[in-house]
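Working notes, beginning with the structure itself.
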Amino acid sequence: MLVDAALALHDNRLEVAEPLLRQYLKRDPFDARAIRMLAELAGRIGRHRDAETLLRRALELAPAFTAARANLALVLYRQNRATEALAELDTLQRDEPEHLGHANLKAAALGRLGGFEEAIALYDRVLAAAPAQPKVWMSLGHMLKTVGRQADGVAAYRRAIALRPELGEAWWSLANLKTVQFDEGDLDAMARERARDDLSDEDRLHLDFALGKAWEDRGQADRAFAHYAAGNALRHAQMGYDADETERFVDRVIALATPDFFAARAGWGHPSADPVFVLGMPRAGSTLIEQILASHSQVEGTSELPDLPAMVRRVTDYPEGLATLTAERAHELGAEYLRRASVQRRTERPFFIDKLPNNWAHVVLIRLILPNATIIDARRDPLACCFSNFKQHFARGQGFSYALDDMGRYYRDYVRLMAHLDTVQPGRVIRVIHEALVEAPEAGIRDLLARVGLPFEAACLSFHETERAVRTASSEQVRQPIFRGGDRAWQPFAPHLAPLRAALAEVVDAYPDVPAFRAG
């Protein structure tokens with residue numbers, strides 16, 4: 001029976017494997033092999049917590065069961081628990097020091113925690129031993145790009161493509177550098193792979209985003225938009241985003257976040273002023289703001305930290321559940337955030353940046369648990385910002401960005417909530433208008449530093465010379481002086497953007513101010 005279950009699992013016939021495994025474990029509940037197989041099945045369908053519980057049970061029964069420990073490390077990594085995954089991988093590497101799979105996963109986990117140079121060394125080791133691995137070359141390219149080794153990153157992506165020409169993510173990774181110009185040979189190769197009947201949806205959508213960028217660079221907006229639209233349609237079907245749910249969530253936060261709510265909780269939370277949250281829409285200039293601030297001697301740039309959303313998931317009935325927090329619990333949550341974020345820190349600088357854009361939805365939580373934290377809202381022209389999102393394929397999340405009407409509604413809801421918080425907590429959020437910063441950089445940078453409470457330092461004016469790892473889609477752009485043409489990129493596509501403009505409604509004409517939103 002166990003052999004039949006293993007064969008079914010190998011063929012991904014999960015509906016066959018699961019009952020066989022459960023039946024077998026009723027007869028022998030102490031078989032670590034069967035428990036590991038059931039855990040693998042749970043992991044394949046996204047039940048990572050169940051998989052973790054099963055794997056820990058298998059390791060209780062058989063502590064030397066390296067296959068179960070390797071599965072556990074992967075499950076922890078997939079839950080954004082890279083530190084715990086590394087602990088398991090260190091154990092595995094002591095037992096199996098030459099195992100390339102362990103080294104590969106360890107490199108990925110190190111990348112999550114900012115250990116880029118060590119990760120690059122591990123990828124180099126894996127590829128020296130087994131070079132015919134396109135996805136590992138691509139992962140190496142990601143790390144090289146992050147630390148600013150663009151030419152090496154491009155070479156790694158090209159190596160991945162040479163090994164597997166249909167690997168859409170490698171083509172998109174080249175396009176996503178924003179500095180690579182595809183030649184005619186590249187265009188022909190991408191079009192040829194895109195036309196294949198046996199292409200996976202994942203490769204197809206990545207190729208569409210890459211082809212969109214290639215045709216946009218050639219000034220062929222209609223042809224580019226057709227590819228952007230096709231790629232977005234595929235991703236939208238996978239994501240299942242519900243714009244109504246976001247609107248209802250914002251309504252609930254607005255109803256909760258009254259002046260009386262905050263007055264009753266004055267003085268709550270952890271007193272640390274270390275965190276600087278840079279939030280708002282993706283593609284709104286948050287990486288530029290981070291790079292400017294991280295050029296200051298008192299500020300450390302980290303990345304888009306996953307910690308606040310992970311903590312949100314543990315608040316029952318969020319956001320209304322915030323009203324049931326005690327002062328003690330608010331302090332504990334603030335301390336927990338600082339502890340979790342500390343994993344990403346590499347310096348003794350007093351302040352650090354968390355630039356996860358989506359944290360705009362959690363400003364109320366931030367104000368409760370870290371009342372002295374700095375909050376910066378990076379805001380960009382709605383049409384420019386939303387179209388920039390539409391042509392960007394994100395590695396994770398951002399389900400709103402794959403349909404023009406969803407995106408317009410999301411931007412509008414974000415502005416609506418921030419406008420409400422400006423009313424009930426005036427002056428607590430520092431707003432930076434992207435176009436103003438780009439138009440007059442020195443004045444804008446001096447003003448930003450003053451509003452954040454930092455003394456002026458000339459290094460912030462030459463932010464593009466600051467050497468640091470940058471993980472986001474703007475990694476190469478912030479390594480160059482400010483470019484003023486990006487905010488006009490949407491204009492050739494204007495004939496296609498009617499659904500976006502309609503969803504944004506009055507927000508478009510009011511920008512950079514905000515309209516008087518109707519209640520409800």
Side-chain angles (χ1 to χ4, degrees), residues 134-135 137-196 199-236 282-283 287 384-398 401-402 470-480 483 485-486 488-490 492-493 496:
K135 289 197 173 180
W137 280 107
M138 184 173 69
S139 296
L140 173 61
H142 296 339
M143 295 292 172
L144 293 166
K145 175 206 76 166
T146 297
V147 300
R149 291 171 55 185
Q150 185 186 127
D152 291 337
V154 168
Y157 291 141
R158 292 284 186 188
R159 186 73 177 269
I161 290 166
L163 288 166
R164 187 179 155 191
E166 76 277 16
L167 185 56
E169 188 178 349
W171 286 109
W172 166 244
S173 298
L174 284 173
N176 199 30
L177 289 170
K178 311 294 194 296
T179 56
V180 172
Q181 293 288 321
F182 290 121
D183 61 24
E184 294 300 324
D186 292 328
L187 267 176
D188 291 344
M190 285 190 284
R192 184 169 58 251
E193 298 302 328
R194 172 67 176 77
R196 287 172 51 164
L199 198 64
S200 71
D201 282 351
E202 203 67 19
D203 286 327
R204 191 178 304 279
L205 71 88
H206 278 103
L207 281 165
D208 270 320
F209 279 101
L211 282 162
K213 174 67 165 59
W215 288 116
E216 182 181 1
D217 287 345
R218 282 165 168 71
Q220 298 199 31
D222 291 345
R223 201 164 183 177
F225 187 84
H227 282 290
Y228 286 140
N232 275 289
L234 274 174
R235 195 75 172 108
H236 183 262
R283 311 296 298 149
T287 305
C385 182
C386 290
F387 181 67
S388 186
N389 275 272
F390 188 69
K391 63 183 185 178
Q392 178 72 43
H393 174 61
F394 294 95
R396 294 185 300 275
Q398 317 303 8
S401 70
Y402 298 103
V470 183
R471 301 187 218 186
T472 66
S474 302
S475 60
E476 296 311 310
Q477 291 164 297
V478 297
R479 294 186 173 116
Q480 304 168 30
F483 170 63
R488 297 189 295 274
W490 67 272
F493 297 87
H496 302 283

Indicate whether any N or O donor in one side chain lies under 3.5 Å from an N or O acceptor in the other, for Asp186 and Gln181.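 Asp186 vs Gln181: no donor-acceptor pair found between side chains.
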Taking only residues two or more places apart in sequence, or in another chain, which ones meet Asp152 in a side chain to side chain donor-acceptor pair (under 3.5 Å)?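 For Asp152 the side chain to side chain donor-acceptor pair (under 3.5 Å) partners, ignoring immediate neighbours, are Arg149.
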Considering residues at least two apart in sequence or located in another chain, which fulfil the side chain to side chain donor-acceptor pair (under 3.5 Å) criterion with Arg218? Glu184
Taking every non-hydrogen atom, the tightest pair across [X] and [Y]:
{"X": "Gln398", "Y": "Ser401", "result": "O-OG, 2.8 Å"}
{"X": "Gly212", "Y": "Ala224", "result": "O-CB, 3.3 Å"}
{"X": "Ala162", "Y": "Pro165", "result": "O-CD, 4.3 Å"}
{"X": "Ala170", "Y": "Ala160", "result": "CB-CB, 4.2 Å"}
{"X": "Ala230", "Y": "Arg194", "result": "CB-NH2, 4.3 Å"}

Checking [X] side chain against [Y] main chain: does a donor-acceptor pair fall under 3.5 Å?
{"X": "Trp172", "Y": "His393", "value": "yes"}
{"X": "Asn389", "Y": "Pro282", "value": "yes"}
{"X": "Lys145", "Y": "Met143", "value": "no"}
{"X": "Asn232", "Y": "Phe390", "value": "yes"}

To the nearest 0.5 Å, what is the distance between [atom1] ([X]) and [atom2] ([Y])?
{"X": "Leu177", "Y": "Gln150", "atom1": "CG", "atom2": "CD", "result": "5.5 Å"}
{"X": "Arg204", "Y": "Leu199", "atom1": "CZ", "atom2": "CG", "result": "4.5 Å"}
{"X": "Glu166", "Y": "His206", "atom1": "CD", "atom2": "NE2", "result": "13.5 Å"}
{"X": "Asp203", "Y": "Leu234", "atom1": "CG", "atom2": "CG", "result": "11.5 Å"}
{"X": "His496", "Y": "Asp222", "atom1": "NE2", "atom2": "CG", "result": "4.0 Å"}
{"X": "Leu167", "Y": "Ser173", "atom1": "CG", "atom2": "OG", "result": "8.0 Å"}

Candidate pair Arg283 and Phe394, rule side chain to side chain contact (heavy atoms under 4.5 Å, CB included), full reasoning: CA-CA 11 Å; Arg283 311 296 298 149; Phe394 294 95; 4.2 Å; yes
pair Leu174-Arg158: side-chain heavy atoms closer than 4.5 Å: yes
Can you confirm whether Ile161 sits close enough to Trp137 that some side-chain heavy atom of one is under 4.5 Å from a side-chain heavy atom of the other? no
Would Arg196 and Glu193 pass as an ion pair if we require N to O under 4.0 Å?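 So Arg196 pairs with Glu193 through a salt bridge.
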Using a strict cut-off of less than 4.0 Å between a Lys/Arg side-chain nitrogen and an Asp/Glu carboxylate oxygen, indicate whether Asp188 and Arg192 qualify as a salt bridge.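 Looking at Arg192 together with Asp188, the answer is no, because their closest N to O distance does not fall below 4.0 Å.
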Plane angle bin for Phe225 and Phe493 - parallel if under 30°, tilted between 30 and 60°, otherwise perpendicular: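 The rings of Phe493 and Phe225 sit tilted, inter-plane angle from 30° to 60°.
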Tyr228 vs Phe209 aromatic rings, parallel, tilted or perpendicular, using cut-offs 30° and 60°? tilted
When you look at Leu211 and Trp171, which way does the side chain to side chain contact (heavy atoms under 4.5 Å, CB included) test go after all the steps? CA-CA 9 Å; Leu211 282 162; Trp171 286 109; over 6 Å; no
Are Leu207 and His227 close enough, and set up right, to give a side chain to side chain contact (heavy atoms under 4.5 Å, CB included), and what steps lead you there? CA-CA 9 Å; Leu207 281 165; His227 282 290; over 6 Å; no
Step by step, would you call Glu169 with Glu202 a side chain to side chain contact (heavy atoms under 4.5 Å, CB included)? CA-CA 8 Å; Glu169 188 178 349; Glu202 203 67 19; over 6 Å; no
Residue pairs, two or more places apart or on separate chains, that pass ring-ring contact (aromatic ring centres under 6.0 Å, His included) and touch residues 138-168: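 Pairs touching residues 138-168 that pass the test: His142-Tyr157.
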